[in-house]
Structure formats: C-alpha cells, structure tokens
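I'd like to ask you about the structure that follows.
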2 protein chains.
Amino acid sequence: MGVTAEPDSALHADAARPSRREQILQAAARLFAERGARSVGVDDIGAAVGVTGPAIYRHFTGKDAMLAEMLLRISERLQAGAERVVLAAGDDPRAQLDALVAFQVDFALDNPALITVQDRDLGALSEDDARQVRRLQRRYVEQWVAVLTALDPDATTAACRARAHALFGLINSTPHSAGRLSRPAMRALLVTMATSAATG
Amino acid sequence: MGVTAEPDSALHADAARPSRREQILQAAARLFAERGARSVGVDDIGAAVGVTGPAIYRHFTGKDAMLAEMLLRISERLQAGAERVVLAAGDDPRAQLDALVAFQVDFALDNPALITVQDRDLGALSEDDARQVRRLQRRYVEQWVAVLTALDPDATTAACRARAHALFGLINSTPHSAGRLSRPAMRALLVTMATSAATG
DNA sequence: CCCCGACGTGAACCGTGGTTAACATCCCGG
DNA sequence: CCGGGATGTTAACCACGGTTCACGTCGGGG
C-alpha cells in the first residue's frame, strides 16, 4: 500500500486550519492510542470529526492506509529530528546525548498518542509498510547507538542498542503516567532520569 | 467475567507436565504478545497446542476469559512478589529499592510475553475485569512509590509515581531489545540503569 | 461389559466492521 | 445559468472470526 503521493495536500499539512484529511489523521491517532487500532471502527473515526464512516474513503484508500501514513510520518519525524539535533549539538558526545534526550522527551510529551500507537500497532501494518517503518526506526536507533558508543567506547554495540531501547522505554512512559505532573516538571524529571540512566 | 473458581486445577498450575489448560494459556500469551490479542484467532491458539479452535471452549468460557485470567495472574504475581521482596529486604529503603528493581528485572526477563500483553491489551478487557487488574497494578505501583518516597522525602507523590512508571518503562523495554544480549548481561545492564535512574 | 464424563472435531450460525454502490449537496469556473 | 468535482449520506455487500451444535472417541469405574 505505501503512502499515496498527494504532492500538494501533504505539504501544507499542519497549517493553521487543518484540512479535513489532517483532522481525520489526528482523531484516528487519538482513538488508536486509546483503544488500539484494531478496536477502533471507521465509524468511530468519522464520528470523531463529525462525519459518517464511509466518508473516510474520500480521503484515504482504507483504514490500514491511515495507520501506515501515521506510522511512517512519526518514524520520519523522529529520524530527521534526531539527525538535526545531533548535528546542531556539535562534536561533544555528551552534548549530543543531551540533545537526543531533550528531543525525545519533548516529542513524547507533545505526542503521547503517536508514541503509544507506534509501539503497539506496528504489527497491524502490511509487511511492506512495516518494513519501511522499521527501516526508519532502525536509523533512529543507530543515531542513539553511535552517541552511546562514543560515550562508552568499551561497550559492545549490542549493549548500546539495549541501552537505547531502555532509554526509549523510560522516556516513552509518559503516556502511562498521564497528566499528574505539570509539563515542565515532567520534562525535567524525564531528562534527569534518562541522563542518569545513560551515563551511569 | 472474572476468573472461574476451579479449585483443584488452579492449584497444580505449573506442575511438571502442564495441563492442557495451562498449555493453552501459555501459547495464547505468546501469540497475544506477538500480534496483539485482537489479531489472534481462537483457531490460531488451538493450532499452537495441536487442537482445533472450538476445543478451547472445553477449558475456557471464551477468548476474553483467557485474556482476563492471564492479566489477573500477572498482576497478582507482581503485586504479591513485590510485597514479599520488600519485606525480605528489611527496613533500609535503598535495599528495598534494589530488591524491587531486581524483582522486576527478573520478571521481565522471564516473562517478556506477559509484560507485552499486560500493557498493550488491558483495554481489551471487560470494564469489570479491567477494574480488578488496575486495582492490583495500583497496589504494585504504590509499593514502588512508598520506597521512592522514603529515598527522597522532598519529592511529591505525583513525582514518585511518574518515576515509578519511568522505571517500569525502562525495565520493560526487554521485549523490544530481544535476545541480542545474554541474559546475565541484560540483567546487569537493566539493574544498573534502573538504579542510576532511580537514585539520580 | 457398559455407561458416562472429559475432550475433540467439523459444520453451521451470526454479529461486527471494512468496503463499495448509488444517490444528494454545495460550490466554483466558464 | 450550468456542469462537474469535491465531499457526504444511507443502504447493501461480504469476509472474518467468535461461538454454539451435534456428533465421535476414549478411558476408567460400577
């Protein structure tokens, strides 16, 4: 399936007044996060934006196409963002780590729904789409691994990869402890814990 | 709809030769973890233990009853285990934390499938069963919160709860970084990182 | 020996939900 | 004013999968 090209509408994606297409994607993300993609009906998604179920098919080829586009966008944003902040951090591995941590924490706090969907519903994708998402995710992980390796040259690549996943788990715990803490407090807490965990 | 009483079969649960009922639960746990509860059919579960789909109904009242029993058992094991290890650790909060960390790490390494199912498929339970599971989970979390509060009396309860969830996320990342590291190495890595994250 | 309960099987039933079809509405460019 | 594309709606279609049914087998106790 893959994401349909759609050259023009994809560009002004998050404009001031989001297009109906974007409204749908956003509503779907929220619903998918709450109940799981397979438990959400197209009628539910439609109702969330004020239309009936079949209206969705004016904007997407099908339900799985929505999920695919959603996951591909997330993976792409994460991958590109990580590349950007690492470059901006200069040559110091410690500064690079701080940049990655801050980036991931902000992303998780800004998009708890996307975080939840990404690691729960990847299995609902077609093998083709899943492969593409995994490729992007792998590139994202490898950026963390590179930084962690620079910080601790004695550690094996496998160990650094496991550390990276552990840090993701820590930071992505946000959706589970929802709302109890103010955002700045939560941000500070996660940054501190992740940094401590990473630097031992 | 709650776990059926079943006084005799429940007792010799994990005997040397697991009963057909236990085989089914174990196979279901593995499949649920791989694909998500809603994506695995009763036929799949049956096939995994060498019978046809409807045979399941000789042992369970339905598919959701399996999931409910699975999640209730996990929550119960975690809650009871935490209570046990904290008591065994004596009065020192630091020793209590170490005990909780070791306990959770061992559980996650021993039962990656259960860990995955627990935090992904809770939403698939009936409201009644979900409430019961959440009650047990809350009691488990509160044990961590108590220890974390003892370690850092200035922190608010909300902050300690967020810290506990972050630590769960870190430790439960095991299923994501599957198998690349030997078990002892993975155990040491997770214990070190969790302890660092918890004690800043 | 025979009956009964435990355990399975294949076939059928049926609700749910994704998808398509056929038909309105609205708005804009010619 | 008219035609057509974008966007929706309702009703129908249809596959999938959980569940039930009617029937077999088998082993152990009266």
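Each chain gets a letter, A, B and so on, in the order the sequences are listed, and its residues count up from 1.
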| task | Mind running side chain to side chain donor-acceptor pair (under 3.5 Å) on A/Gln104 and A/Tyr140 for me, showing each step along the way? | result | CA-CA 11 Å; A/Gln104 175 77 27; A/Tyr140 183 65; 2.4 Å; yes
| request: For B/Arg30, enumerate each residue passing the salt bridge (Lys or Arg N to Asp or Glu O under 4.0 Å) test, keeping only those at least two apart in sequence or located in another chain. | output: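 With sequence neighbours excluded, B/Arg30 shows a salt bridge (Lys or Arg N to Asp or Glu O under 4.0 Å) to B/Glu34, given in chain and number order.
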| query | Residues in side-chain contact (heavy atoms from CB on, under 4.5 Å) with B/Ser75, at least two apart? | reply |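 Listed in chain order: B/Gln118, B/Val133, B/Leu136, B/Gln137.
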| request: Could you tell me the separation between the CD1 atom of B/Ile45 and the C1' atom of C/dG8, rounded to a whole number of Å? | output: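 It is 17 Å, rounded to the nearest whole Å.
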| When we call it a touch if two heavy atoms are under 4.0 Å apart, what does B/Val49 touch: a base, just sugar-phosphate, or nothing? |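 Since no nucleic acid heavy atom lies under 4.0 Å of B/Val49, the category is nothing.
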| query | Above 12 or not: heavy atoms from other molecules or residues under 6.0 Å from CD of B/Gln26? | reply | no
| field | Donor-acceptor contact below 3.5 Å, side chain B/Asp121 vs main chain B/Ala37 | value |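 Yes.
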| request: Using salt bridge (Lys or Arg N to Asp or Glu O under 4.0 Å) as the criterion, list what pairs up with B/Asp44, not counting sequence neighbours. | output: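 If we apply the salt bridge (Lys or Arg N to Asp or Glu O under 4.0 Å) test to B/Asp44, skipping adjacent residues, the hits are B/Arg35.
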Under 3.5 Å, which donor-acceptor pairs link side chains of residues 46-57 of chain B to any protein atom two or more places apart or in another chain?
none

| request: Using five pairs at either end of the helix from C/dC1-D/dG30 to C/dG30-D/dC1, determine the angle between the two local helix axes and round it to 10 degrees. | output: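 Computed from the C1' atoms at both ends, the axes differ by 10°.
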| request: Using salt bridge (Lys or Arg N to Asp or Glu O under 4.0 Å) as the criterion, list what pairs up with B/Arg20, not counting sequence neighbours. | output: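 Scan of B/Arg20 (salt bridge (Lys or Arg N to Asp or Glu O under 4.0 Å), adjacent residues dropped) gives none.
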Atom pairs, protein N/O to nucleotides 25-29 of chain C N/O, distance under 3.5 Å:
none

| message | Using the side-chain contact (heavy atoms from CB on, under 4.5 Å) criterion, which residues pair with B/Ala99? Sequence neighbours excluded. | response |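 Listed in chain order: B/Val85, B/Ala89.
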| query | Should B/Thr52 be listed as having a side-chain N or O under 4.0 Å from OP1 or OP2 of C/dT9? | reply | yes
| Residues two or more places apart in sequence or in another chain: which of them pass side-chain contact (heavy atoms from CB on, under 4.5 Å) with A/Pro112? |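 For A/Pro112, the residues satisfying side-chain contact (heavy atoms from CB on, under 4.5 Å) (neighbours in sequence not counted) are A/Pro175.
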| Does the pair B/Arg120/A/Asp119 count as a salt bridge with the N-to-O cut at 4.0 Å? |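 Looking at B/Arg120 and A/Asp119, the cut-off is not met.
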| said: Can you confirm if the NZ or CZ of B/Arg21 lies within 45° of the ring axis of B/Phe60 and under 6.0 Å from the centre of its six-membered ring? | reply: yes
| request: Under 4.0 Å from any heavy atom of chain B: name the first and the last nucleotide of DNA chain D that qualifies, 5' to 3'. | output: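 Nucleotide range in contact with chain B: D/dG18 to D/dA22.
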| For A/Arg180, which residues count as a salt bridge (Lys or Arg N to Asp or Glu O under 4.0 Å) partner, sequence neighbours excluded? | none
Produce the list of close N/O pairs, under 3.5 Å, pairing protein atoms with atoms of nucleotides 19-21 of chain C; give distances to one decimal.
from	atom 1	to	atom 2	distance (Å)
C/dT19	OP2	A/Tyr57	OH	2.5
C/dT19	OP2	A/Lys63	N	3.0
C/dT19	O5'	A/Tyr57	OH	3.1

| According to a strict under-4.0 Å criterion, is A/Arg38 in side-chain N/O contact with OP1 or OP2 of C/dG17? | no
